[in-house]
S.K.: 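Got a structure here, written out as structure tokens. Questions coming.
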There are 2 protein chains.
Amino acid sequence: MTPRTNGIVFSVAQLRDHAYEHVASELKRLGMTDLAPSHGAILITLYREKALSLKELSIRINKKKSSTTELVDKLIRLGYVEKATSAEDQRVKLVGLTAKSLAHKKDFKVLSENVNGRVYKGFSIEEQQLFTDLLSRALKNY
Amino acid sequence: MTPRTNGIVFSVAQLRDHAYEHVASELKRLGMTDLAPSHGAILITLYREKALSLKELSIRINKKKSSTTELVDKLIRLGYVEKATSAEDQRVKLVGLTAKSLAHKKDFKVLSENVNGRVYKGFSIEEQQLFTDLLSRALKNY
DNA sequence: GCATCTTAGTTCGTCAACGAACCTTTTGCA
DNA sequence: TGCAAAAGGTTCGTTGACGAACTAAGATGC
């Protein structure tokens with residue numbers, strides 16, 4: 001009667017943890033030893049969308065604003081991004097890339113491919129599509 | 001050319017985070033305000049498998065052993081579990097349930113159903129099966 | 001024009017999680 | 001038999017993440 005398997009949520013969490021470990025090791029391999037997966041998420045987001053406010057960034061990376069402030073501050077300390085007050089609204093701080101992070105754009109592209117590719121290993125294109133569809137439907141339940 | 005969507009890993013992480021938030025709110029609702037999702041995972045594992053060593057427990061909940069020690073110690077402090085040295089191997093500490101946690105067994109059953117059920121909302125039985133299958137295949141890539 | 005409310009960000013205290021170093025007991029092996 | 005290696009746990013320092021309380025700037029209403 002008692003199922004030997006934990007629920008889906010547990011499996012989802014496990015997959016996330018393994019993937020994050022993979023991200024962390026890729027970051028280390030690239031020499032970015034003091035960056036965590038979340039820092040990478042910020043950079044990847046900025047590569048795609050240029051400068052963003054902390055508010056917008058926090059939504060993109062799915063983190064609370066206080067966490068985002070701290071993650072960005074670390075990236076600033078390490079020279080990967082910079083913060084500038086918006087001209088239109090003095091409350092808004094825009095986070096933008098630097099020469100240093102722009103130089104790593106390609107690295108992050110490869111990193112993304114490695115990390116996402118590993119999850120999909122052995123999946124046909126249709127299965128990949130199915131998986132993302134089911135995932136996005138599950139996400140809509142929140 | 002640049003996809004507007006982040007990769008699957010990001011979606012998986014997002015789903016995990018939302019589900020964990022749900023777990024946290026359910027724990028709060030049940031009056032267990034000082035328990036985190038991981039503490040719940042330990043209790044649920046023990047409900048299913050009786051007493052386990054810290055080693056075995058750490059594998060079941062997918063956490064490192066030092067983390068497991070700390071999570072269990074908190075559960076002991078709060079009276080939910082107890083630790084006893086194994087008779088056969090003095091190195092091994094067996095973690096077992098207490099009257100307090102046994103009294104909450106039903107609560108955790110409901111919690112699990114609520115949390116996992118939410119993910120599956122709008123899913124047919126076949127889709128649920130498909131999702132868990134794809135997920136377990138992805139997990140095997142690690 | 002001024003007070004109030006809302007919104008963007010920051011600060012701070014707390015906690016789960018980890019890795020590394022460590023202790024203890026058990027196992028392996030020469 | 002004895003000693004090195006392995007295995008189970010713990011300790012400790014560090015870090016990402018959070019919520020709550022706060023500041024400052026902008027919007028709203030009277």
Side-chain angles (χ1 to χ4, degrees), chain A residues 13-14 16-25 27-28 32-43 51-78 81-96, chain B residues 13-14 16-25 27-28 32-43 51-78 80-95:
Chain A
Q14 204 169 356
R16 184 213 91 126
D17 291 340
H18 288 156
Y20 268 41
E21 235 172 90
H22 188 194
V23 173
S25 82
L27 286 170
K28 192 163 291 178
M32 302 185 242
T33 51
D34 34 18
L35 294 193
S38 295
H39 298 119
I42 289 176
L43 294 177
L52 286 176
S53 70
L54 280 158
K55 172 82 196 276
E56 289 164 335
L57 240 190
S58 75
I59 294 169
R60 302 287 193 292
I61 66 169
N62 194 40
K63 293 276 173 292
K64 304 301 172 191
K65 55 180 185 170
S66 63
S67 311
T68 306
T69 293
E70 287 160 352
L71 290 165
V72 166
D73 284 351
K74 176 161 189 179
L75 286 171
I76 292 173
R77 238 179 296 129
L78 297 171
V81 302
E82 43 195 20
K83 228 176 343 187
T85 303
S86 160
E88 302 98 54
D89 186 337
Q90 303 273 107
R91 290 171 304 178
V92 174
K93 305 265 179 80
L94 294 169
V95 182
Chain B
Q14 203 168 359
R16 184 214 92 125
D17 291 340
H18 288 326
Y20 268 41
E21 233 173 274
H22 187 193
V23 173
S25 83
L27 285 170
K28 192 163 291 179
M32 303 185 242
T33 51
D34 33 18
L35 294 194
S38 295
H39 298 119
I42 289 177
L43 294 178
L52 286 175
S53 70
L54 279 158
K55 173 81 195 277
E56 289 164 335
L57 201 49
S58 77
I59 293 170
R60 302 287 192 292
I61 67 170
N62 193 39
K63 293 275 172 297
K64 304 303 174 192
K65 56 182 185 169
S66 63
S67 311
T68 306
T69 293
E70 286 159 353
L71 290 165
V72 166
D73 284 351
K74 176 161 189 179
L75 285 172
I76 291 173
R77 236 179 297 127
L78 297 171
Y80 289 98
V81 302
E82 44 195 20
K83 229 178 338 191
T85 303
S86 160
E88 302 98 54
D89 187 336
Q90 302 273 105
R91 291 173 304 179
V92 173
K93 303 266 180 79
L94 294 169
V95 182

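Heavy atoms only: backbone and side chains are in, while hydrogens, waters and symmetry mates are out. Convention: sequence-line order gives letters A, B, ...; per-chain numbering from 1.
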S.K.: Could you measure the distance from the CD atom of E70(B) to the CG atom of L75(B)? Nearest 0.5 Å is fine.
M.R.: 12.5 Å

S.K.: Nearest to the R91(A) side chain among dC12(C), dC18(C), dA8(C), which nucleotide is it?
M.R.: dA8(C)

S.K.: Specify the separation, in whole Å, of atom NZ of K64(A) and atom P of dT10(C).
M.R.: 17 Å

S.K.: What about E21(A): does its side chain form a donor-acceptor pair under 3.5 Å with the base of dC18(C)?
M.R.: no

S.K.: For a quick check of understanding: with a heavy-atom distance under 4.0 Å over all strands, which category does S66(A) fall into, base, sugar-phosphate or nothing?
M.R.: base

S.K.: Does any non-hydrogen side-chain atom of T69(A) lie less than 4.5 Å from one of K93(A)?
M.R.: no

S.K.: Using 0.5 Å steps for rounding, measure from the CG atom of L52(A) to the OG1 atom of T68(A).
M.R.: 11.0 Å

S.K.: With heavy atoms under 4.0 Å as the rule, sort S53(A) into base, sugar-phosphate or nothing.
M.R.: sugar-phosphate

S.K.: Should E56(A) and V95(A) count as side-chain neighbours, where that means a heavy-atom distance under 4.5 Å?
M.R.: no

S.K.: Could you give the distance from NZ (K65(B)) to NZ (K55(B)), rounded to the nearest 0.5 Å?
M.R.: 8.0 Å

S.K.: Quick check for you: to the nearest 0.5 Å, what is the distance between L71(A) atom CG and S66(A) atom OG?
M.R.: 9.5 Å

S.K.: Rounded to whole angstroms, how far apart are CG on L27(B) and P on dA16(C)?
M.R.: 12 Å

S.K.: What distance separates I59(B) CD1 from S53(B) OG, expressed to the nearest 0.5 Å?
M.R.: 7.5 Å

S.K.: Base, sugar-phosphate or nothing for K65(B)? Non-hydrogen atoms, less than 4.0 Å.
M.R.: base

S.K.: Could you tell me the separation between the CG atom of D17(B) and the P atom of dA16(C), rounded to a whole number of Å?
M.R.: 16 Å

S.K.: Could you tell me if the side chain of M32(A) sits less than 4.5 Å from the side chain of L78(A), heavy atoms only?
M.R.: no

S.K.: As an exercise, state the distance from NE2 of H39(A) to NZ of K74(A), rounded to the nearest 0.5 Å.
M.R.: 5.0 Å

S.K.: Map D89(A) and E70(A) onto DNA chain C by nearest heavy atom, then report which one ends up closer to the 5' terminus.
M.R.: D89(A)

S.K.: Rounding to a whole Å, what distance do you find between K74(B):NZ and dT14(C):P?
M.R.: 12 Å

S.K.: Report the distance from atom CD of E88(B) to atom C1' of dT26(C), rounded to the nearest whole Å.
M.R.: 13 Å

S.K.: Using the C1' atoms of the five pairs at each end, what is the angle between the end axes of the helix from dG1(C)-dC30(D) to dA30(C)-dT1(D), to 10°?
M.R.: 20°

S.K.: Select from A87(A) and L71(A) the residue whose nearest nucleotide in DNA chain D is closer to the 5' end of that strand.
M.R.: L71(A)

S.K.: Counting just side-chain N and O atoms, does S67(B) come under 4.0 Å of either OP1 or OP2 of dA16(C)?
M.R.: no

S.K.: Could you tell me the separation between the CG atom of L75(B) and the P atom of dC15(C), rounded to a whole number of Å?
M.R.: 14 Å

S.K.: Q90(B) CD to dT24(C) C1': how many Å, rounded?
M.R.: 10 Å

S.K.: Between P on dA17(C) and CG on L57(B), what's the gap in Å once rounded to a whole number?
M.R.: 12 Å

S.K.: Going 5' to 3' along DNA chain D, between which two nucleotides do contacts with chain A fall, using a heavy-atom cut-off of 4.0 Å?
M.R.: dG16(D) to dG26(D)

S.K.: With side-chain contact (heavy atoms from CB on, under 4.5 Å) as the criterion, how do K63(B) and D17(A) come out once you've worked through the C-alpha distance, each side chain's angles and the decisive distance to 0.1 Å?
M.R.: CA-CA 9 Å; K63(B) 293 275 172 297; D17(A) 291 340; 4.0 Å; yes

